[in-house]
Amino acid sequence: MLIDTHCHVHFNAFKDDMDDVVRSTLADGVQMITVGTQRDTSANGIKLAERYDGVWATVGLHPSHIFAGYHDEGEVQFKSRNETFDPEYYGELLKHPKVVAVGEMGLDYHYEYENVSLDEMKAKESSAFEAGARLAIAHDLPVVIHCRDAHDDQAALIEKIWGPYDAAAPRGREAPLRGVIHCFTGTKRDAERYLALGFYISFTGVITYPPKKSDVAAGKELLTDVVSWVPMDRFLVETYSPYLAPVPKRGERCVPSFVKITAQKVADLKGVSFDDIAEASTANARRLFRRMG
Ligand SMILES: [Zn+2]
Ligand SMILES: [Zn+2]
């Protein structure tokens, strides 16, 4: 059994066959957490989770949806609309027993938005994250962190909320703020900092993509090096469905059962069996997302 810990099966990309996809995924031995990104997707994810054993939801505000100019092709049923994180709204949603985390939320410096300065963007993303993190702490829930091109600031923000980075501290100590860095594509140094803070690292199909030839030629550290190095008790697997289908499905609509391909790649990189990865990643997910039971 595997758990796809980050998918969006309730997004528009599945509007015609959502229930078929969920049923066949579950029949295939893959359970899933469908992740909210703003008010509507957070509420809709819960509705889907209510209908199936083996499906859970998260509620939160993705950094891109803080800004008016963002539009996601996969989410055409609504427009992003300058949303400000509302702790009351999300605080009500997360009372639902199938909500296992707050997020996705975090810092994304990859995009630029019209009429928004870099400083304003950073300030808004960081205050939305902090509000989400405080809500998660108040309800003893983990956070799902979306971080792109911003690992230093993201780790510093967690430290600000949680306490300073301490390289000598034992790993996995109980922290008031716990969570996962989803779709991790950072460096070993980034990962080390998150692990020391008690966080988990989650891998998508990106780990199956061939690295840049120039990086290989330069002897640079690759994402696959991070995968082989990360401790067995601190990683998760996910699809990010409908995005980022792994090789050899790259370019297709990504469905949660493709998490098997990513798990196999983790197994190959670590030199262990598929079953070892399935067992470890499932145990890790259940340890982090306690409401899964
Ligand atoms: Zn994300
Ligand atoms: Zn996502």
Side-chain angles (χ1 to χ4, degrees), residues 3-14 18 21-22 25 32-46 48-49 55-67 70-78 80 83 85 90 93 99-111 113 121 125-126 128-129 132-133 136 142-151 153-155 157-158 179-186 190 194 199-207 209 223 235-246 253-256 258-259 262 285 288-289:
I3 299 171
D4 178 1
T5 59
H6 192 117
C7 63
H8 301 287
V9 271
H10 61 299
F11 274 15
N12 203 52
F14 296 99
M18 187 190 302
V21 169
V22 171
T25 303
M32 71 208 87
I33 299 175
T34 199
V35 171
T37 52
Q38 43 82 283
R39 295 175 77 100
D40 301 334
T41 55
S42 294
N44 290 342
I46 297 175
L48 181 65
V55 180
W56 294 269
T58 75
V59 298
L61 177 59
H62 184 289
S64 295
H65 293 287
I66 297 169
F67 307 100
Y70 181 74
H71 178 68
D72 185 331
E73 281 304 313
E75 305 172 320
V76 288
Q77 81 273 33
F78 62 83
S80 302
E83 189 178 322
F85 186 82
Y90 289 102
L93 289 185
V99 173
V100 296
V102 180
E104 61 185 297
M105 59 193 197
L107 306 181
D108 187 331
Y109 296 169
H110 185 72
Y111 298 102
Y113 306 95
M121 181 186 87
E125 290 188 357
S126 133
F129 176 82
V143 292
V144 175
I145 295 183
H146 168 106
C147 177
R148 200 162 173 201
D149 301 345
H151 286 300
D153 284 3
Q154 184 69 70
L157 192 52
I158 297 169
V180 56
I181 314 298
H182 109 87
C183 192
F184 186 78
T185 54
D190 297 329
Y194 290 125
F199 277 67
Y200 290 73
I201 302 294
S202 182
F203 299 113
T204 58
V206 172
I207 67 167
Y209 297 173
L223 181 58
F235 76 91
L236 305 177
V237 285
E238 58 166 299
T239 57
Y240 212 158
S241 157
Y243 315 107
L244 300 178
R253 181 180 71 164
C254 184
V255 293
F258 290 174
V259 76
T262 300
L288 176 62
F289 302 109

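As the structure is a prediction and not an experimental result, all values here were calculated from the model. When a residue number appears, it is its place in the shown sequence, counting from 1. Order of listing sets the numbers, starting from 1, for every ligand and every atom in it.
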Once you measure the plane-to-plane angle for His62 and His65, does it fall in the parallel (<30°), tilted (30-60°) or perpendicular (>60°) bin?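 The rings of His62 and His65 stand perpendicular, inter-plane angle above 60°.
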Tell me whether the rings of Tyr243 and His8 are parallel (<30°), tilted (30 to 60°) or perpendicular (>60°).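 Tyr243 and His8: perpendicular rings.
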So which N/O/S atom does Glu104 have closest to the Zn ion (ligand 2)?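 It is OE2 of Glu104.
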Assess the residue pair Phe184 and His151 against the criterion (ring pair (Phe, Tyr, Trp, His ring centres under 6.0 Å)); give the C-alpha distance rounded to whole Å, side-chain angles, the decisive distance to 0.1 Å, and a yes or no. CA-CA 10 Å; Phe184 186 78; His151 286 300; 5.4 Å; yes
Cys254 vs Tyr240 side-chain heavy atoms within contact, under 4.5 Å: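 Answer no - side chains too far apart.
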Which value, rounded to the nearest 0.5 Å, describes the distance between Leu223 atom CG and Phe203 atom CZ?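 One finds 6.5 Å between CG of Leu223 and CZ of Phe203.
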N, O or S atom within His146 nearest to the Zn ion (ligand 1), by name: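 Atom name of the closest N, O or S in His146: ND1.
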The Zn ion (ligand 1) and [X]: any N/O/S contact shorter than 2.8 Å?
X	result
His62	no
Thr37	no
Asp108	no

Please note down the angle at the Zn ion (ligand 2) between NE2 of His8 and NE2 of His6, to the nearest 10°.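 Centred on the Zn ion (ligand 2), the NE2/NE2 angle is 100° (to 10°).
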